[in-house]
Amino acid sequence: MDLKLYNTLTRTKEAFVPLDWQGDLPEAERRVRMYVCGPTVYDFAHIGNARPVIVFDVLFRLLRHLYGDDRVKYVRNITDVDDKINARAAERDITIRDLTETTYANFREDVKALGCLPPTVEPRATEHIAEMKLLIERLVAGGHAYVAEGHVLFGVPSMADYGRLSRRPLDEMIAGAGITQPGRPGWHIECSAMSWKHLGETFDIHGGGIDLLFPHHENEVAQTRCAFDAPFMAQVWMHNGFLQVEGEKMSKSLGNFVTIRELLADWPGEVLRLNMLRTHYRQPVDWTVKGMEESWRTLDDWYAIAGDIETQVISGAVLEALTDDLNTPQAIAALHGLRSLAQGGDALAREELAGSLRLMGLLQESAAAWKARKSAGVDTATVESLISARNAARKAKNFAESDRIRDELATMGVVLKDSKDGTTWEVAR
RNA sequence: GGCCACGUGGCGGAGUGGUGACGCAACGGUCUGCAAAACCGUGUACCCCGGUUCAAUUCCGGGCGUGGCCUCCA
């Protein structure tokens with residue numbers, strides 16, 4: 001199965017061949033190497049932050065499936081040094097370390113609830129200061145950076161094709177270069193340092209939000225390439241699209257700033273995950289309550305039909321969609337098709353549905369546990385006894401009474417489903 | 001202002017130079033004491049204007065709209 005990925009560098013979809021598979025490295029030593037820009041830990045992550053985390057988790061899972069679980073090295077950094085962190089810590093009168101530790105712990109919990117696997121390595125910027133210094137020294141020694149007014153600055157003209165990734169003209173960069181504000185050299189040297197340490201001078205995939213394309217990623221490329229005299233930093237650059245909330249840009253001033261933590265109070269993590277994956281990762285996504293409701297219903301259906309199937313079988317159609325630049329909407333359409341076949345009694349389709357959902361990081365709990373999420377807060381014994389009473393009334397053809405009981409249950413949010421096999425119920429949202 | 005995305009049926013959302021992806025909603029039917037659920041069925045969509053073509057939603061040019069980056073922001 002060939003994997004195709006859209007490369008921002010070339011603006012085309014390309015067949016993916018990891019670097020280690022291009023040379024004559026012994027089979028056992030080959031690794032797929034991926035770096036994704038992680039959070040700056042100063043506050044709860046918002047739903048926009050969740051997009052790259054979920055998207056690249058799907059890619060991580062797919063790569064593991066294609067190359068083997070132990071063959072993929074996924075590095076997602078933690079930026080725990082930053083002006084915002086300093087300001088926030090001062091504001092709360094706590095130490096920087098306390099703030100970053102707490103925020104990081106929260107982030108890990110959020111991400112776990114979203115069904116994301118831990119990356120192979122989660123390096124912290126503060127633990128890579130030595131590498132940053134080394135990089136800067138190399139850049140200065142190589143004439144790619146210079147010292148001015150007490151700062152080390154990158155010499156933009158030093159890289160002939162600076163701006164290639166973001167397609168910005170070099171002249172504009174040179175004109176814009178210069179000392180504009182005091183402080184540390186803020187050229188995102190941390191990502192160059194951490195990717196170097198954990199993945200090497202060059203690697204396969206670099207991911208992140210489209211908003212990081214410039215200047216963040218452009219700077220990373222320039223530093224890494226100039227420091228190591230390398231023709232490229234990552235083979236493939238992947239960028240996920242932006243997220244809006246209910247049709248508007250998410251911002252604190254509009255009051256529509258949504259944290260992952262807040263959403264998790266009302267919605268299962270898998271609902272958020274599926275909702276994110278319903279849109280292709282490069283498209284802009286509009287985050288809505290309606291969408292989450294629809295996602296929840298879809299998952300209810302999948303859980304009911306395949307929740308308890310244990311299998312490793314994966315649908316060819318789903319795999320084909322995912323290997324075509326992570327076309328998750330197409331994959332979901334294939335899942336609907338499998339669901340329909342499974343409903344008709346196709347046992348293989350049912351297995352493929354369960355296996356494929358798990359490949360995408362969904363269907364991670366039992367059908368019973370999933371269902372229980374909605375009935376939390378409802379007294380099961382009371383509901384069951386009311387249902388018995390209703391069925392007795394129905395048997396006695398006392399339909400006024402049976403309908404009354406049904407209405408009573410409805411006010412509790414309980415919806416009944418009668419079938420030949422008896423009456424089942426669920427809590428409507 | 002410069003650069004870059006996006007604009008598909010009531011809604012969400014893939015995709016394609018030529019047979020109406022898929023989901024939700026809606027409507028009709030089967031089932032049901034009646035409903036609900038389930039199942040079956042029903043849809044002549046591709047922002048506007050030009051161009052290329054036998055044929056454009058799909059390619060090209062222009063316009064309009066929305067959003068992003070250019071400055072901390074995913």
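Note on naming: letters A, B, ... go to the chains in the order of the sequence lines (proteins, then strands), and numbering restarts at 1 for each one. Owing to the predicted nature of the structure, the values given are computational and were not obtained by experimental measurement.
Listed for the Y74(A) side chain is no donor-acceptor partner under 3.5 Å among the backbone atoms of L117(A). Using a distance-only test at 3.5 Å, with no hydrogens or angles considered, a donor-acceptor pair links the side chain of S375(A) to the main chain of K371(A). Looking only at distances, no side-chain donor or acceptor of D204(A) sits under 3.5 Å from a matching main-chain atom of V32(A). No donor-acceptor distance shorter than 3.5 angstrom exists from the side chain of S158(A) to the backbone of F154(A), with no hydrogens or angles considered.
Applying the salt bridge (Lys or Arg N to Asp or Glu O under 4.0 Å) definition to pairs two or more places apart or across chains, those involving residues 338-361 of chain A are D301(A)-R339(A).
Residue F242(A) holds its CZ atom at 15.0 Å from CD of Q283(A), rounded to the nearest 0.5 Å.
With sequence neighbours left out, D43(A) forms a side-chain hydrogen bond (donor to acceptor under 3.5 Å, both in side chains) with R88(A).
Relative to the side chain of N49(A), the nucleotides rA14(B), rA74(B), rC69(B) differ in distance, and rA74(B) lies closest. In this structure, the nucleotide among rC4(B), rG13(B), rA74(B) sitting nearest to the side chain of M250(A) is rA74(B).
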Using the 3.5 Å cut-off, write out each protein N or O paired with an N or O of nucleotides 59-68 of chain B and the distance between them.
unit_1, atom_1, unit_2, atom_2, d
rG68(B), OP1, K249(A), NZ, 3.2

Contacts under 3.5 Å, N or O only, protein and nucleotides 19-23 of chain B:
unit_1, atom_1, unit_2, atom_2, d
rG23(B), N2, E294(A), OE2, 3.3

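Pairing analysis of RNA chain B (Watson-Crick: purine N1 to pyrimidine N3 plus N6-O4 or O6-N4; G-U wobble: N1-O2 and O6-N3; both under 3.5 Å) yields stems of 3 or more pairs at B:1-7 with B:64-70, B:10-12 with B:22-24, B:26-30 with B:38-42, B:47-51 with B:59-63.
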Per-nucleotide protein contact along nucleotides 30-35 of chain B, 5' to 3', at a 4.0 Å heavy-atom cut-off (B base, S sugar-phosphate only, - neither), is -S-BBB
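Counting only N and O atoms by type, the side chains of E246(A) and T288(A) include no donor and acceptor under 3.5 Å apart.
H46(A) comes within 4.0 angstrom of a nucleotide base, judged by non-hydrogen atoms across all strands.
For the side-chain hydrogen bond (donor to acceptor under 3.5 Å, both in side chains) with Y281(A), the qualifying choice from D325(A), N327(A), T328(A), N240(A) is D325(A), the only one to do so.
Close to rG15(B), at under 4.0 Å from its OP1 or OP2, lies a side-chain N or O of N327(A).
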